[in-house]
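This report refers to the structure that appears directly beneath it.
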Amino acid sequence: MVRHWLMKSEPGVYSIQDLARDGKTTWEGVRNYQARNLMRDQMQVGDPVLFYHSNAQTPGIAGIARVCREAYPDPTALDPAHTYFDPKATAEQPIWVRVDLQFVSIFPRFITLTQLKSTPALADMWVIRRGMRLSIQPVASEDFALICELGQISR
């Protein structure tokens with residue numbers, strides 16, 4: 001079963017343009033148990049992802065990526081010199097995982113958070129819920145399709 005996702009990244013750290021340039025990337029550094037569980041237990045190769053620019057002057061959805069490798073241990077958790085180091089993680093019990101994403105497309109029309117909030121059909125999306133800061137979120141297939149329309153791209 002194909003699931004749809006929204007994944008947040010700060011454009012100053014890693015943007016959709018960076019992913020377009022690189023072609024694919026590892027989604028590392030997730031240190032929230034709920035987000036980790038979604039990646040570990042539900043994400044599958046081929047699942048489409050809405051690439052969301054967060055903590056930006058204008059936050060919103062910039063394009064689409066696709067999961068190209070399912071969850072595997074995030075080695076940054078084991079590296080004491082790395083920002084994402086976790087002293088509780090071990091090679092035997094890695095705790096944290098990451099997935100790989102591949103670039104699909106940049107939306108011709110960036111979809112702002114304000115636009116998402118003002119679209120009644122998207123009222124149930126997690127990203128517009130007050131206080132919802134989770135960096136990885138499931139997206140209903142109907143919402144994904146509507147967002148593709150708003151972004152002026154065909155799926």
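Between H82 and E28 the shortest side-chain heavy-atom distance falls below 4.5 Å. Contact annotation: the side chain of H53 approaches that of Q17 to within less than 4.5 Å [non-hydrogen atoms, C-beta and beyond]. With contacts defined as side-chain heavy-atom distances shorter than 4.5 Å, the pair I153/P108 qualifies. Considering only heavy atoms from C-beta on, L38 comes within 4.5 Å of W5 through its side chain. Counting heavy atoms from C-beta outward, T119 and Q115 have side chains that approach closer than 4.5 Å.
The side-chain contact (heavy atoms from CB on, under 4.5 Å) test with V99 is passed by exactly one of R69, M7, R40, E70: M7. The side-chain contact (heavy atoms from CB on, under 4.5 Å) with L116 is formed by just one residue from the set D143, L146, I128; it is I128.
Residues Y14 and W27 place their aromatic rings such that the two centres sit no closer than 6.0 Å.
With hydrogens and angles disregarded, no donor-acceptor distance shorter than 3.5 Å links the side chain of Q102 to the backbone of G23. With hydrogens and angles ignored, the 3.5 Å screen pairs no side-chain donor or acceptor of N32 with any backbone N or O of L134. Looking only at distances, a side-chain donor or acceptor of D47 sits under 3.5 Å from a matching main-chain atom of R3.
At a threshold of 4.0 Å, the pair D100-R66 does not count as salt-bridged, since none of the basic side-chain nitrogens sits closer than that to a carboxylate oxygen.
Distance check, rounded to the nearest 0.5 Å: CG of L50 to CD1 of I147 gives 5.0 Å.
Closest heavy-atom contact between I111 and G151: CD1-N, 3.4 Å.
Judged purely by distance below 3.5 Å, without hydrogens or angles, the side chains of T76 and R31 pair a donor atom with an acceptor atom. Using modelled atom types, one finds a donor on one side chain and an acceptor on the other under 3.5 Å when comparing R98 with Y72.
Within the structure, every pair that satisfies the salt bridge (Lys or Arg N to Asp or Glu O under 4.0 Å) test and touches residues 13-26, not counting sequence neighbours, is listed here: D18-R21.
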